[in-house]
2 protein chains.
Amino acid sequence: MATLKDIGVELGLSPATVSRALNGFPEVNVKTRDKVREVADRLGYRPNRVAQRLVTGRSGMVGMIIKIRADMSADQTFFEMLTGLTAALGAHDVDLVLAVDQDDDPVLPYRKLMERDILDGFILNAPVPDDPRVAYLREKGIPFVMHGQTGPDVPYACYGIDNAAVSQDAVQLLSSLGHKRIALVNGQLRYAYAVDRLGGFQAAMAAEGLPVPAAFAASDAETEMQGYTIGLAMLSGRDGVPPTAIVCASTLIAAGVIRAVKDRGLRVPQDISVMAHDDALPLMDPVGLEPALTVTRAPLRDACVPLAALMVAHIKGAPAEQQVERAALIVRASTGPAPKGGESPWP
Amino acid sequence: MATLKDIGVELGLSPATVSRALNGFPEVNVKTRDKVREVADRLGYRPNRVAQRLVTGRSGMVGMIIKIRADMSADQTFFEMLTGLTAALGAHDVDLVLAVDQDDDPVLPYRKLMERDILDGFILNAPVPDDPRVAYLREKGIPFVMHGQTGPDVPYACYGIDNAAVSQDAVQLLSSLGHKRIALVNGQLRYAYAVDRLGGFQAAMAAEGLPVPAAFAASDAETEMQGYTIGLAMLSGRDGVPPTAIVCASTLIAAGVIRAVKDRGLRVPQDISVMAHDDALPLMDPVGLEPALTVTRAPLRDACVPLAALMVAHIKGAPAEQQVERAALIVRASTGPAPKGGESPWP
DNA sequence: CAAAAAAATTAAAACGATTTGAAAATAGAA
DNA sequence: TTCTATTTTCAAATCGTTTTAATTTTTTTG
């Protein structure tokens with residue numbers, strides 16, 4: 001394997017100049033730079049990463065812990081992130097080391113991996129309110145970037161979407177269509193994103209002057225089947241007059257809710273409008289649903305590039321930066337005007 | 001962070017001696033060794049992995065590619081291996097870098113990861129017959145260890161169980177119990193393990209002088225539901241006289257098959273004996289089934305330690321070694337004597 | 001054209017470990 | 001004691017890169 005010295009010998013240059021030339025330093029002559037590049041190409045030069053890491057003091061590796069579920073599986077979102085992150089980090093010559101979290105103590109796997117002395121930092125996901133991992137990593141001064149936020153105005157590096165705005169956009173859209181009874185089928189409240197969505201939902205409803213019956217803000221839904229079950233329950237009228245519009249935490253849940261609406265003999269969107277937040281996961285296509293699903297959309301995969309950039313910058317000493325994007329609102333066929341009094345199956 | 005030099009200064013020793021002392025070289029005085037160890041402990045010395053790697057020429061990292069399924073999930077077995085391998089490799093100071101395979105070309109992710117110049121080798125799993133990854137890695141001279149084998153007498157390093165023997169043990173047990181119509185609900189035939197199980201099954205049946213109707217060697221089962229469906233089909237008699245014993249590829253499939261047997265109004269093991277191969281995955285407990293399941297057993301997790309050892313040895317230049325273990329046979333309540341002619345629901 | 005300024009290059013140190021070959025300390029034998 | 005063996009230790013080289021400070025070369029300026 002060719003080294004900087006080999007290239008230098010070939011051209012009568014010192015390794016220092018060769019290094020500078022290849023790294024695009026401004027003080028190297030354009031002609032020498034081109035010659036160096038050419039010889040490097042010809043010799044198939046590839047920098048020795050380990051040597052680079054020794055001198056820069058950085059290992060070029062970041063860690064990520066997979067929190068596996070009780071059924072020993074991880075969800076689609078994890079692989080989506082993993083795929084995107086390995087690519088995005090690779091572009092910065094950074095590699096991803098994974099470990100599995102199977103313990104009760106959420107901090108332990110981070111400590112264990114850090115003790116191996118090979119990591120520059122961590123990428124965290126699925127933040128929970130008052131995340132203990134944040135406390136630990138901040139205390140130890142270990143760089144990390146969070147996908148999402150544990151709450152508003154956090155003091156650490158993170159990238160995510162404004163989940164309160166997700167609910168707000170949904171409520172405003174539906175309210176503008178004349179809906180007054182709007183329900184939220186939320187994700188698990190132990191996650192910060194679901195807390196934010198709920199908060200945004202309640203705030204937006206209040207801002208629109210609409211009340212929120214408790215049964216209209218259901219939580220803990222994750223699967224199509226759960227969406228179906230919760231949908232049926234909401235439509236049963238057991239807990240009061242059913243909603244005319246339902247906002248779902250994911251397209252998967254929305255699929256279940258739509259199934260429930262249809263099974264009840266009702267139509268989407270004529271009787272009930274349904275919408276959801278869409279992470280753009282490969283297998284859950286909101287357009288493939290019948291009818292095509294109105295969504296707030298923020299592809300999970302898109303988060304990987306900025307996350308990797310934030311991570312790399314942070315490792316190099318840049319101050320922690322918070323980036324909060326707003327999800328796009330895409331109106332399709334599953335939302336429509338609220339049924340008029342006379343048309344509605346309910347008073 | 002303390003270095004070798006720091007320890008040397010403290011004791012008036014050279015870094016060379018300190019290095020030798022900590023690495024247990026014989027030519028260092030016992031007293032100095034103890035003193036060095038003590039100071040190293042006190043200073044919290046931890047060797048700089050990157051520096052070690054630069055001088056030894058090894059990166060201390062091995063790669064593994066996750067083959068995710070069409071539904072963007074990976075199965076329990078993957079996480080089981082991942083958990084075990086990170087621990088087992090960690091004991092050798094080796095770390096695991098993961099990447100996701102989402103392409104048609106099974107070799108591409110290996111090439112991509114190798115081009116990053118940071119890996120000492122790969123750990124492969126889920127071998128298929130004539131695995132193209134094997135061809136590629138052998139051609140490039142990249143060290144790897146396979147969990148399992150692509151066939152008998154392979155020329156590369158591997159660790160796994162004898163899958164032909166798994167079927168053989170099952171057939172011999174059932175045959176000794178008087179069963180003559182024994183069926184196999186196999187895994188997906190694109191995997192080498194399923195091919196071996198089928199081969200072993202047919203050979204063992206032949207050795208026992210028993211015929212194998214085509215419908216008795218079903219493939220492509222992976223889930224409980226598939227086990228149930230195939231079980232029902234086999235018991236329907238549509239494809240000939242049903243079996244009196246069913247050998248399943250996994251405990252999950254066996255759970256489905258047992259459910260099918262019960263739904264048909266039959267009893268396990270009085271009417272039908274059921275057994276399976278057990279990878280000892282955390283959530284599928286064969287003893288929890290009703291009745292407790294007879295199995296051939298080889299915990300997946302147990303394979304991780306020898307796999308890691310093989311990998312490390314191979315990287316250090318040891319010749320490729322093949323280790324094929326035999327699964328244990330554990331007889332429980334789900335297998336019993338074949339029903340006598342008069343007792344059987346079939347002729 | 002000489003002096004000063006700017007540009008380009010280099011030698012050498014550094015990162016922190018391992019390892020080779022030589023030197024020092026100790027032990028044993030004569 | 002003296003000489004030789006044997007342990008034990010050390011100085012220095014090495015791995016391949018980056019970076020600092022110094023030096024050389026080129027260009028600009030008065």
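The shown structure was predicted, so the numbers you read here are calculated from the model rather than taken from an experiment. A, B, ... follow the sequence lines: proteins, then strands. Residue 1 opens every chain.
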Asker: Do any N or O atoms from the side chain of B/Arg138 and from the backbone of B/Pro155 form a donor-acceptor pair under 3.5 angstrom?
Answerer: yes
Asker: Ignoring hydrogens and angles, tell me if any N or O in the side chain of A/Asn23 forms a donor-acceptor pair with the backbone of A/Ser19 under 3.5 Å.
Answerer: yes
Asker: Please list, for nucleotides 23-26 of chain D, all pairs of protein and nucleotide N/O atoms separated by less than 3.5 Å.
Answerer:
none

Asker: Look at the side-chain N and O atoms of A/Ser19 and state whether any lies under 4.0 Å from the OP1 or OP2 oxygen of D/dT18.
Answerer: yes
Asker: Do other residues, nucleotides or ligands put more than 12 heavy atoms under 6.0 Å from the CG atom of B/Asp105?
Answerer: yes
Asker: Using five pairs at each end of the helix from C/dC1-D/dG30 to C/dA30-D/dT1 to define an axis, what is the angle between those two axes, to 10°?
Answerer: 60°
Asker: Starting at atom CZ of B/Phe25, determine the distance to atom C1' of D/dT7, rounded to an integer number of angstrom.
Answerer: 16 Å
Asker: Heavy atoms from C-beta onward define the side chain here; which of C/dT18, C/dA17, C/dT10 lies closest to that of B/Asn23?
Answerer: C/dT18
Asker: Return the set of residues passing side-chain hydrogen bond (donor to acceptor under 3.5 Å, both in side chains) with A/Thr32 (not counting sequence neighbours), or none when no residue passes.
Answerer: none
Asker: In terms of side-chain geometry, is the basic nitrogen of B/Glu10 or B/Arg42 positioned less than 4.0 Å from the acidic oxygen of its partner?
Answerer: yes
Asker: Do other residues, nucleotides or ligands put more than 12 heavy atoms under 6.0 Å from B/Asp130 CG?
Answerer: no
Asker: May I ask you to list the residues of residues 1-13 of chain B, by number, that have any heavy atom positioned under 4.0 Å from an atom of DNA chain D?
Answerer: B/Gly12, B/Leu13
Asker: What is the distance from CD1 of B/Ile118 to P of D/dG16, rounded to the nearest Å?
Answerer: 18 Å
Asker: For B/Asp117 and D/dG16, what is the distance between atoms CG and P respectively, to the nearest whole Å?
Answerer: 13 Å
Asker: Evaluate side-chain contact (heavy atoms from CB on, under 4.5 Å) for B/Met114 paired with B/Phe122, printing each intermediate quantity in order.
Answerer: CA-CA 9 Å; B/Met114 209 59 214; B/Phe122 283 101; 3.5 Å; yes
Asker: With sequence neighbours left out, write down each residue that passes side-chain hydrogen bond (donor to acceptor under 3.5 Å, both in side chains) with B/Tyr156, or none if nothing qualifies.
Answerer: B/Thr150
Asker: Run the salt-bridge test on B/Lys67 and B/Asp101 with the 4.0 Å N-O cut-off and return the result as yes or no.
Answerer: yes
Asker: If we ignore hydrogens and angles and just use 3.5 Å, is the side chain of B/Asp279 paired with the main-chain N or O of B/Leu281 as donor and acceptor?
Answerer: no
Asker: Whole-Å distance between C/dT18 C1' and B/Glu27 CD?
Answerer: 12 Å
Asker: Would you mind telling me which of D/dA11, C/dA12, C/dT9 lies closest to the side-chain atoms of A/Thr17?
Answerer: C/dT9
Asker: Do B/Arg33 and D/dT8 share a donor-acceptor pair, side chain to base, under 3.5 Å?
Answerer: no
Asker: Where along residues 49-62 of chain A does a heavy atom come under 4.0 Å from DNA chain C, residue by residue in number order?
Answerer: A/Leu54, A/Val55
Asker: Testing B/Asp95, B/Asp120, B/Asp93 one by one against B/Arg53 for a salt bridge (charged side-chain N to carboxylate O under 4.0 Å, His left out), which residue passes?
Answerer: B/Asp95
Asker: Minimum heavy-atom separation for A/His92 and A/Ala309, please, with both atom names.
Answerer: NE2-CA, 4.0 Å
Asker: Distance alone, cut at 3.5 Å: any donor-acceptor contact between the side chains of B/Arg111 and B/Tyr136?
Answerer: no
Asker: So, does the side chain of B/Arg20 form a donor-acceptor pair with the base of D/dT7 at under 3.5 Å?
Answerer: no
Asker: Mind calculating the distance between CG (B/Asn29) and P (D/dC10) to the nearest angstrom?
Answerer: 11 Å
Asker: Judged by atom type as modelled, is there a donor-acceptor pair below 3.5 Å linking the side chain of B/Asp41 to the main-chain atoms of B/Glu38?
Answerer: no
